[in-house]
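Ligands are counted one by one from 1 in listed order, and the atoms in each one are counted from 1 as well. Numbers here simply count residues along the sequence, with the first being 1. Quantities reported herein were computed from a predicted structural model and do not represent experimental measurements.
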Amino acid sequence: YDNSVKAIRGSFFDITRVVDHPEEIEAHARLVEDGLLIIRNGCIDWFGQWEEGKGRIPSEVRVRDYRGKLIVPGFVDTHIHYPQSEMVGAYGEQLLEWLNQHTFPAERRYNDREYAREMSTFFIKQLLRNGTTTALVFGTVHPESVDALFEAASRINMRMIAGKVMMDRNAPDYLLDTAESSYLQSKALIERWHGNGRLLYAITPRFAPTSTPEQLAMAKRLREEYPTTYLHTHLCENKEEIAWVKSLFPEHQGYLDVYHQHGLTGHNCVFAHCIHLEEQEWDCLKETDSTIAFCPTSNLYLGSGLFKLHKAWHKQVKVGIGTDIGAGTTFNMLQTLNEAYKVMQLQSERLSAYQAFYLATLGGAHSLGLDEKIGSFATGKEADFVVLDPVATPLQQLRYDNSTTLRDKLFVLLTLGDDRSIYRTYVDGQLVHERG
Ligand code: GUN
Ligand code: ZN
């Protein structure tokens, strides 16, 4: 008897194909009202109608029956800082003051391996109780912080991408490395963790102001030596920040040019925020096949500005959704999508329910180059999924009963939903979170 086999019954919803335009998403939206998912060794072995598939379930396997719920692929968070969980909701500042007053002191504590372990466990629990099964994560400058996080993720075989921050100037001494030490520490972490199980490594210069040109050159060297790693940083978040970059790198054409000239653009290079991009920066992101992480709660919280998601589609630049904890104010992807909708409203643009779910699942996976592995219920993919309770509160029940179409039901779920909507979370075919 093969105890790696699991059978899940319920209503399933996913987007089945990567698209170039948001209008195409609905055509690839799939609802299987009475569906069956068969999992073998953590991967999707069979998916389809219950009636069609029930004969395939081995007789010893108990069916987990989630009828009445809605099962969707696990959410993908394309930008988050795990060492900022303890300072979410810090009052009163925009980016640069916020970093100095709140962020750097919080990150200081991660030189303590025990503390980093405790917080890694906390962080992963937060992801799971919010339905997030894959994340691209900032550590701190301390390599111990990344060891702790990867150790915790590997215990449940979670698909996680993370890296040690590289920063060798313009921050308190206690958080600085050097060009040389950041290279050596990142290299050791890559050797230990990149491609270890489902874990992947992201080379992580914090942002241009906190790296010398020498350190950026080291980041480039790492990328050349390990071309399948990610590059993860921040770009054009705040107007003061952009002016500062221009004064630190006067010989460059702009903010993105600093990264570009250092060989830090390209496939699987992920830039958080990108609110105030110039036209040639949009073009450069497109030409290099780079990715943007759109972080609505953070952008509103820090007063950074409104991301032009419509322009990203127009320019054909890949976008994923990020919570950006701790400048963002929630781990929850439904709440994040709700805020994304409002960011678009403020620009007289729309974010449809289908587009929102796409960005949080297959689109997010695609933005991280993982759409062959996660993001939908295609056979062979990794079995990471969430069982959503669409009627977790009386208000949701009322509103749900008054919705007729799938589009409306999905939209209400992301507008009113939060962690109470996350009934069960599965990673690698295993139940890893149960509500209540
Ligand atoms: N830019 C550089 N560091 C950070 C950070 O920690 N959070 C945000 N939101 N922006 C940054
Ligand atoms: Zn960030």
_N or O contact, Thr103 vs ligand 1, cut-off under 3.5 Å_ = no

*Is the Zn ion (ligand 2) under 2.8 Å from any N, O or S atom of His273?*
no

*Any idea which N/O/S atom from His79 gets closest to the Zn ion (ligand 2)?*
NE2

*On the 0 to 90° scale, with breaks at 30° and 60°, tag the Phe249-His262 ring pair as parallel, tilted or perpendicular.*
perpendicular

_Non-hydrogen atoms of Ile422 and Leu128 that approach each other most closely_ = CG2-O, 4.0 Å

*asked:* Checking contacts here: is it the side chain or the backbone of Phe104 that comes within 4.0 Å of ligand 1, counting heavy atoms only? Could be both or neither.
replied: neither

_Would Arg424 pass as a cation-pi partner of Tyr66, given that its NZ or CZ must be under 6.0 Å from the six-membered ring centre and within 45 degrees of the axis?_
no

*Is it true that Tyr201 and Tyr226 have ring centroids separated by less than 6.0 Å?*
no

_Heavy-atom pairs closer than 4.0 Å: do any link ligand 1 to the side chain of His273, the backbone, both, or neither?_
side chain

*Region of Thr210 that comes within reach of ligand 1 [heavy atoms, distance under 4.0 Å]*: neither

*Name of the Asp324 N, O or S atom nearest the Zn ion (ligand 2)?*
OD1

*asked:* Salt bridge or not between Asp371 and Lys318? Use side-chain N to carboxylate O under 4.0 Å.
replied: no

_Shortest heavy-atom approach to atom 11 (C) of ligand 1 - which of His234, Glu241, His81_ = His234

*Looking at Glu86 and Arg109, does any basic side-chain N land under 4.0 Å from a carboxylate oxygen?*
no

*So, is Cys295 placed with an N/O/S atom under 2.8 Å from the Zn ion (ligand 2), counting both backbone and side chain?*
no

*May I ask whether Trp98 places a heavy atom under 4.0 Å from ligand 1?*
yes

*Between Glu237 and ligand 1, does any nitrogen or oxygen pair lie at a separation below 3.5 Å?*
yes

*Charged N to carboxylate O below 4.0 Å: is that the case for Arg221 and Glu224?*
no

_Worked check of ring pair (Phe, Tyr, Trp, His ring centres under 6.0 Å) between His79 and Phe138_ = CA-CA 8 Å; His79 181 68; Phe138 258 71; 5.7 Å; yes

